[in-house]
Amino acid sequence: MIHPVDILLILVLLSVLFAFASSRLPVLIRILAFQGVVVSIVPFFLEHEMTAGGIIFTTATLTIRGIIIPWSFYSMIKKMGIKREVETIVSYNASVFASLLLIVAAPMLSHKFNMISFSGGTLITSTAITLVVAGMFLLMARRNAIAMVLGYIMMENGIYLIGTALSSGAQHIVEFGILLDVLAGVMIMAIMLQSIKQKYDNLDTAQLSKLKE
Amino acid sequence: MLEIIFLIPFVAALAVFFLPATAGRVLLVLTGIIHLLMTIMVWTIRPEAIFPDYFALSAAGLLSLIVISLLFFLISVYTAEYLKQSHIRQENIFTGSMLLFLSTMTMVTISDHIMVMWIAIEATTLTSAPLIFTHKTSTALEATWKYVLICSVGIAMALLGSVLITLAMDVGHVKTAVSFSALTEAAKQLDPTWLKAGFVFIFVGYGTKMGLAPMHTWLPDAHSEAPSPASALLSGVLLNCAYLGIFKTNKIMVAAGLGDFSGTILMVFGLMSILAAATFIIKQTEYKRMLAYSSIENMGIIAFGTGIGGIGAYGAILCLIHHSLIKSSLFLTSGNIHSGYHSWFIDKIGQLPARMPKTFVAFFAGFAAIAGFPPFGLFIGELLIIVGAFRAGHYTMAAIFMLSLCFIFAGLSNQVFKMSFGDVSEDITSPTPEKACLVWPQYALLLTSLALCVWMPDILYQTIMAAAAAMGGGF
């Protein structure tokens with residue numbers, strides 16, 4: 001029998017493939033919004049009884065990860081008039097191939113470290129590993145500044161997923177602090193993106209190479 | 001009531017955003033004084049926290065707190081004068097961010113919960129980013145971008161590490177608070193595999209923020225592009241805050257009997273940082289970047305000493321305190337030199353004693369101190385680390401350590417002598433005027449460092465010993 005969470009998580013794994021294949025930023029942002037929504041609602045499926053604090057916190061996570069962050073990036077690229085990212089270090093085909101390898105390797109890894117038992121037999125740990133590594137891959141393989149920030153957000157989503165799956169009885173006030181930090185960090189990165197755009201009229205980070213040694 | 005100490009600068013920062021620039025400068029210095037007084041109060045009466053699950057005092061935290069507080073006060077005096085001379089647009093954002101930065105760093109020193117520590121350290125990145133971006137030039141933009149991105153990604157790794165430590169608790173069936181103090185007590189029951197994994201991720205994460213090679217690439221850029229008072233804060237205290245995260249995690253490792261594992265990692269990365277700094281200092285052409293690489297070197301020394309443990313850990317804590325005092329004074333002095341010569345390049349600077357005599361004294365004394373000349377504290381700290389390395393039988397590492405220190409000494413003195421006594425192309429007419437407020441904070445910092453070598457208050461000595469004891473420190 002397939003756990004209902006697994007259906008969502010399989011979709012998340014597929015979305016990583018799409019994210020790596022697409023050169024269009026709006027697509028990438030939509031994929032991140034979807035991933036944000038899924039990782040925020042996973043606790044609803046895992047915990048049998050939700051406390052009031054738990055429900056409030058999950059809703060807050062959903063709003064920030066699923067709506068506020070993607071929406072602000074969406075409106076930003078609309079304002080800047082940037083649709084496509086053209087600057088890559090690793091080609092899209094190679095990226096898709098790498099993500100396929102990753103999706104195969106992640107369950108093996110989580111099996112090897114016996115992490116399956118912590119997540120109640122679901123795909124949570126392998127999805128989380130995939131998201132963290134995929135996020136790092138985007139950070140390194142793309143030169144477009146927005147794609148790099150989106151990679152960071154993907155990585156954060158993965159870490160959040162590991163956190164919800166593994167640590168039992170986490171304090172919501174602490175998790176809320178982490179969420180605020182992530183939100184503030186992403187907002188500061190967004191301000192930096194706008195400054196880069198103003199100064200250079202595009203978002204190729206290869207231009208940011210004046211400082212050496 | 002412990003939490004008040006980081007709430008006061010926070011409230012002051014919010015006020016500064018709405019006040020005129022001159023009032024902001026006054027409030028900056030005033031907050032510095034209040035913070036210093038409160039820190040002294042915390043040292044004497046040791047108040048309890050309102051939320052003991054999240055905040056608690058520790059020996060290492062107390063040491064970092066007094067260093068932060070003293071440095072901030074002296075730097076705020078310098079900043080008030082500095083801001084009058086430099087034309088920074090949106091000065092409120094600068095002073096407000098300084099205060100927010102102080103608030104978050106104070107929070108790091110008193111946090112006991114693993115996740116709260118993470119929240120506070122990530123918050124220091126966010127509040128210091130506007131400081132680096134102050135000049136809004138293309139190089140400042142590049143430095144800030146690198147800083148925010150590299151440190152955020154690095155610190156995300158530390159979050160993952162913290163999660164893995166909670167996993168080590170679950171696997172070991174430990175039911176305590178997720179705080180450093182509780183975990184150190186229950187360290188033996190934690191699952192060793194996950195604890196090790198957690199340490200590695202936390203080390204990489206906070207090590208990025210601390211500027212350990214090879215994760216140091218953001219550091220020279222950020223330090224050279226930030227205005228000098230901000231660089232002094234970054235180098236003097238921010239790096240210490242990141243180190244505190246590693247220190248406390250290492251404490252859990254030592255208590256769990258995994259000190260060899262974490263110690264080796266600390267020593268190897270420490271040596272790598274020292275070697276990286278040595279290669280870059282020798283061929284450096286800008287003096288502020290040279291100072292930044294020297295910070296990487298000192299962070300390497302501190303990591304190396306912590307890894308050795310025992311007497312080496314005591315030496316590392318001495319180095320930590322003295323490096324903060326000396327390096328922040330040097331960064332402030334570099335701001336003076338820039339205002340006199342309008343250049344960051346070493347070969348554009350010369351005849352320093354004739355043109356800026358007071359600055360020269362601060363600069364040269366700072367150089368002697370940072371290079372580890374005997375009367376200053378870094379010499380004692382480094383000596384203890386070397387003794388500790390020999391005692392523990394790490395002969396090869398100790399040899400590499402000493403050799404690279406010699407290289408760095410040679411590189412530093414070459415550059416500093418060029419700057420001090422070298423010829424400068426333009427004619428020297430008269431000494432550049434030097435404001436008292438831009439010189440005496442540096443003197444105060446250096447004198448404090450010097451005084452601590454001659455006479456150390458007993459309470460300070462006891463606290464250092466208590467902090468080092470966790471690493472098997474002492475004589």
Side-chain angles (χ1 to χ4, degrees), chain A residues 113-115 117-118 125 128-129 132 135-136 139-140 145 148-149 151-153 155-171 173-193 195-196 198-200 205 207-213, chain B residues 51 53-54 113-116 118-123 125-127 129-130 133 136-149 151-153 155-157 159-160 162-167 169-171 175 177-178 193-194 197 217 220-222 224-225 279-280 283-286 289 293:
Chain A
F113 290 108
N114 207 12
M115 286 165 94
S117 53
F118 307 127
T125 47
I129 294 173
V132 171
M136 288 198 97
L139 266 167
M140 289 186 282
M148 289 169 82
V149 175
Y152 169 71
I153 298 170
M155 204 174 105
E156 273 289 346
N157 282 343
I159 293 175
Y160 176 74
L161 194 58
I162 292 189
T164 46
L166 298 186
S167 58
S168 53
Q171 289 139 310
I173 182 84
V174 174
E175 292 202 23
F176 195 70
I178 296 174
L179 190 61
L180 276 186
D181 259 3
V182 170
L183 179 65
V186 169
M187 289 304 141
I188 285 187
M189 287 178 197
I191 295 172
M192 302 308 302
L193 287 175
S195 312
I196 295 175
Q198 266 177 14
K199 202 138 251 165
Y200 296 102
T205 49
Q207 299 160 120
L208 300 174
S209 58
K210 280 193 188 144
L211 297 169
K212 282 197 179 106
E213 289 176 353
Chain B
F51 300 102
D53 281 354
Y54 305 136
H113 192 284
I114 290 190
M115 296 296 178
V116 173
W118 184 88
I119 293 171
I121 293 185
E122 169 71 7
T125 312
L126 304 177
T127 50
F133 193 47
K136 300 198 170 54
T137 56
S138 56
T139 43
L141 178 64
E142 182 186 339
T144 319
W145 170 253
K146 275 190 194 166
Y147 174 63
V148 172
L149 209 67
C151 285
S152 293
V153 172
I155 291 176
M157 292 290 112
L159 179 60
L160 193 57
S162 308
V163 170
L164 292 180
I165 287 190
T166 60
L167 182 63
M169 288 173 67
D170 288 347
V171 175
K175 293 265 174 284
V178 197
T193 320
W194 289 111
T217 44
D221 296 348
S224 59
E225 289 305 318
T279 45
F280 286 112
K283 55 177 186 176
Q284 196 49 248
T285 51
E286 290 174 47
R289 292 180 80 82
Y293 277 109

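Just so we're clear, the structure is a prediction, and the values are computed from it rather than from any experiment. Reminder, nothing fancy here: chain letters follow the sequence lines and each chain counts from 1.
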* Structure fact -> Correct closest heavy-atom pair for Y152(A) and E122(B) would be OH-OE2, 4.1 Å

* Asked: About how many Å separate CE of M192(A) and CG of L149(B), when rounded to the nearest 0.5 Å?
  -> 10.0 Å

* What part of A143(B) is in contact with chain A, defined as an atom under 4.5 angstrom from a non-hydrogen atom: side chain, backbone, both or neither? -> both

* Structure fact -> Scanning both residues in full, the closest heavy-atom pair of A184(A) with L126(B) reads CB-CD1, 3.7 Å

* Inter-residue atom distance I162(A).CD1 - L160(B).CG, 0.5 Å rounding -> 5.0 Å

* Asked: Taking C-beta and beyond as the side chain, do V174(A) and Y54(B) meet within less than 4.5 Å on heavy atoms?
  -> yes

* Residue part contacting chain A, namely of T137(B), when any heavy atom lies under 4.5 Å -> backbone

* Asked: Which one of V153(B), T139(B), D53(B) has the most heavy-atom pairs closer than 4.5 Å to chain A?
  -> V153(B)

* Region of M136(A) in contact with chain B, defined by heavy-atom distances below 4.5 Å -> side chain

* Are any side-chain N or O atoms of E142(B) and backbone N or O atoms of K210(A), one a donor and one an acceptor, separated by less than 3.5 Å? -> yes

* **Contact origin within K199(A) toward chain B - heavy atom pairs under 4.5 Å** => side chain

* Structure fact -> Bottom line for A156(B): the part with an atom under 4.5 Å from chain A's heavy atoms is both

* Do you know which of I188(A), I178(A), T205(A), V149(A) has the most heavy-atom pairs under 4.5 Å to chain B? -> I178(A)

* How far apart are the C-alpha atoms of K136(B) and Q198(A), what are their side-chain angles, what is the distance that settles it, and do they pass the side-chain contact (heavy atoms from CB on, under 4.5 Å) test? -> CA-CA 11 Å; K136(B) 300 198 170 54; Q198(A) 266 177 14; over 6 Å; no

* Determine the minimum heavy-atom distance between S195(A) and L141(B), stating which atoms define it. => CB-CD1, 3.5 Å

* Roughly how far, to the nearest 0.5 Å, is CZ of F133(B) from CD1 of I191(A)? -> 9.5 Å

* **Spacing of CD belonging to E156(A) relative to OG belonging to S152(B), to within rounding of 0.5 Å** => 8.5 Å

* Asked: Side chain, backbone, both or neither: which part of E286(B) has an atom under 4.5 Å from a heavy atom of chain A?
  -> neither

* Asked: For the residue pair S138(B) and Y200(A), what are the closest heavy atoms and their distance?
  -> CB-OH, 3.4 Å

* Can W118(B) and D181(A) be said to form a side-chain contact (heavy atoms from CB on, under 4.5 Å), step by step? -> CA-CA 10 Å; W118(B) 184 88; D181(A) 259 3; 4.0 Å; yes

* Structure fact -> When the 4.5 angstrom heavy-atom criterion is applied to L180(A) and chain B, the contacting part is neither

